[in-house]
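Take a look at the structure below.
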Amino acid sequence: MKLIAKGAEACIYSLSAFGKEFVLKRRERKDYRVPELDLRLRAERTRSEARTMLRLHAIGVRVPGLIALGKFSICMEKLEGMLLKDTQKTGGIFTEVGKALALMHDNGTVHGDLTPANVMICNSLPYLIDFGLSSFTNGAEDKAMDLLLMKRAVSSRLYKSLEEAYLTNSRTGKEVILRLADVEKRGRYQNRNLE
Amino acid sequence: MLVLGLESSAHTFGAGISDGGKILANEKAMYKIGATGMIPAEVAETHVENAEGVISAALEKAGILPSDLEGICYTAGPGMGPCLQVAQIAARALASKLKIRIVGVNHCVAHAEITREMGRLSDPIMLYVSGGNSQILALSERPFRHYSVIGETFDIGVGNMLDNFARAANLFPAWGSSVEKASAGGRYLELPYTVKGMDFSFTGLLTRATELTGKVPVNDLSYSVQETAFSELCEATERAILLKGKKEIGVCGGVAQNSRLRQMLQSMASEQGIRFGFAPNEYNADNGGMIAFAGERLLSEGISWKLGECRISQRYRVDSAYVPGG
Ligand SMILES: Nc1ncnc2c1ncn2[C@@H]1O[C@H](COP(=O)(O)OP(=O)(O)O)[C@@H](O)[C@H]1O
Ligand SMILES: [Mg+2]
């Protein structure tokens, strides 16, 4: 097992078995919090990430395939590619992200942490990853937050491609975009720039 | 430059004196919070009674006369309107009498800047935790130098949550520090935990903890409330550190006085291999010294307000205030 990435919550290892490459995402212990809370959060998020991956896979949203599930770890397919944040960003890619998001939201699933660091580009197609903060809800506010995070992180031209595809493909897209305007007006996000 | 700073945004009236970034005096008088919480007009009245004495004490401590002052600053917000007015009116009266320059200071910027100075931090992720506010801040140079908000509470500040819980649990005084004392020897009970990216929420936690008062031991409950709330803050801060690629963490504001919160942030910083810094407690509580410190920097850059334009703003956003230096 080789460590390939270390995020805020998890360590990502690559491993090979049966001549194939896999990724193991393990949520690590945080010494700053009490063990009871630490165990609960790591288990909850691992479970919720796996559940969302399965559900999205079933409805045809591109995600890494789930291979095996442990209490704090998920073994999944390894995507050969780069993070959206580190690649040449094109309108075409953002159109695909918009379509995927529409499908996912119409299904009642929100990502919870949708940034260019949580999208991987593989054979020129976007795959969504990192579902630890995802939830099953049809709330317009939660859906709007998914859009807002992306909007704050990329150029307005790229975001436009995403939003157009989202509106065309989502049944509830219009309501979500209206709510997004509302959220932005509230001020707390007015000057927020996550670059 | 000898500068007097006045603070009265909440329960404290403070007067501080700074000179070349050194704090020569930091005097204060606090409104005693009762079972009913804070009634702004009543607090403001107490500030009016205390103002003169506190200002005189600061001048005496610094060993200067009013006529030695070269500038005056006051907290322009955020805070409670009637309270903010007290420092504003006192500052304007002094500025006009002494014929010296005056400028309004953002309260959050003052907390963050004094902490950057005293905690020896240069470009940190700053966790600002007070009664009414809880935000994750980072310096940003564009379009002007300011603290941008990277994450914040969806609802109430962590300080207000602790105060409200203290009141519900009949802790005395009904104050966040009583929750810290009551948590000694507690055991962890499961409570609602809400973090979304770099934002967090405390109302679900407060509601559940309030329901449980009287049904479980108060030290278990106090302990669990603290652990849950502070873990939320640490998680969001850690995410901000990684997203922004910063190498330092600071904590400021009233709740920064809590030693458990500092211990948790220190543990997280060590894990990340980065520096953690904070100011002495007298600067984490509301105080005039930090207002003098931040105001002196503004005045040194030639920034001051006309007497007739000295405003206050209850909702003065931290990200709309210019931060001097750079
Ligand atoms: N299935 C995968 N295939 C290849 N790389 C992956 C895969 N999943 C995650 N990674 C890599 O690991 C990094 C962190 O994964 P992520 O799930 O986003 O965890 P975190 O919660 O720590 O951000 C990603 O940015 C990516 O580089
Ligand atoms: Mg990630």
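Convention: sequence-line order gives letters A, B, ...; per-chain numbering from 1.
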*From F154(B) CZ over to E141(A) CD, what is the distance, rounded to the nearest 0.5 angstrom?*
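F154(B) atom CZ to E141(A) atom CD measures 8.0 Å (nearest 0.5 Å).
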
*Distance-minimising heavy-atom pair for R45(A) and Y193(B)*: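 Minimum heavy-atom separation between R45(A) and Y193(B): NH2-CE2, 3.4 Å.
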
*Within a reach of under 6.0 Å around CD of Q88(A), are more than 12 heavy atoms found that belong to other residues, nucleotides or ligands?*
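Counting neighbours around CD of Q88(A), 12 or fewer heavy atoms of other residues, nucleotides or ligands fall under 6.0 Å, so no.
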
*In this structure, are over 12 heavy atoms from other groups packed under 6.0 Å from K160(A) atom NZ?*
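No, the 6.0 Å shell around NZ holds no more than 12 heavy atoms from other groups.
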
Which answer fits [X], side chain, backbone, both or neither, if we ask what part of it has an atom under 4.5 Å from a heavy atom of chain A?
X	result
R260(B)	side chain
Q135(B)	neither
E271(B)	side chain
I241(B)	neither

*Given side chains that start at C-beta, do those of R239(B) and L133(A) come closer than 4.5 Å, heavy atoms only?*
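Sidechains of L133(A) and R239(B): in contact.
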
*Are the side chains of Y32(A) and Q266(B) in touch, meaning some heavy atoms are under 4.5 Å apart?*
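A side-chain contact is absent here, since even the closest heavy-atom pair is not under 4.5 Å.
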
*Between L191(B), T228(B), L265(B), which residue shows the highest count of heavy-atom pairs closer than 4.5 Å to chain A?*
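Going by pairs under 4.5 Å, I would pick L191(B).
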
*Heavy-atom pairs under 4.5 Å with chain B are the metric here; pick the option from D113(A), D38(A), D31(A), L41(A) that has the most.*
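Answer, by heavy-atom pair count under 4.5 Å with chain B: L41(A).
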
*asked:* Whether R40(A) and E190(B) form a salt bridge (side-chain N of Lys/Arg under 4.0 Å from carboxylate O of Asp/Glu) is what I want to check.
replied: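 A salt bridge links E190(B) with R40(A).
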
*asked:* I'd like to know if D142(A) and K196(B) make a salt bridge, using a cut-off of under 4.0 Å between side-chain N and carboxylate O.
replied: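 Here D142(A) pairs with K196(B) in a salt bridge, since their nearest N and O are under 4.0 Å apart.
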
_Stepwise salt bridge (Lys or Arg N to Asp or Glu O under 4.0 Å) test for E238(B) and K30(A)_ = CA-CA 11 Å; E238(B) 186 171 31; K30(A) 299 279 177 201; 3.2 Å; yes

